[in-house]
Amino acid sequence: MLQNIGIPGLLLIAVVVLVLFGRGKVSSLMGEVGKGINAFKRGVKEETEELENKTAQDAVDVTPPKKDKV
């Protein structure tokens, strides 16, 4: 059923939401959604950087020392 919703259906839903909740409430809700998305992206980025830093610190140099040829 939801697969058959086209552009006119989405516009009708948007108009109904605007009428029911008002422009101010919808815009504040979208602002909160945007803040949530930004916080999620920031958290994922920080975790990725932390994981990369941890693996870089844990890396060990395993190359054998050079021997002098005399």
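- Legend: salt bridge (Lys or Arg N to Asp or Glu O under 4.0 Å) pairs involving residues 47-56, not counting sequence neighbours: none detected.
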Would you list the atom pairs, donor with acceptor, under 3.5 Å between side chains in residues 7-30 and any protein atom, with sequence neighbours excluded?
from : atom 1 : to  : atom 2 : distance (Å)
S27  : OG     : R23 : O      : 3.2
S27  : OG     : G24 : O      : 3.0
S28  : OG     : G24 : O      : 3.3
S28  : OG     : K25 : O      : 2.9

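- V33 belongs to a hydrophobic cluster whose remaining members, ordered by chain and number, are I37; membership requires side-chain heavy atoms of ILVMFWY residues under 4.5 Å apart, directly or through intermediates.
- The salt bridge (Lys or Arg N to Asp or Glu O under 4.0 Å) test applied to K35 returns E32, not counting sequence neighbours.
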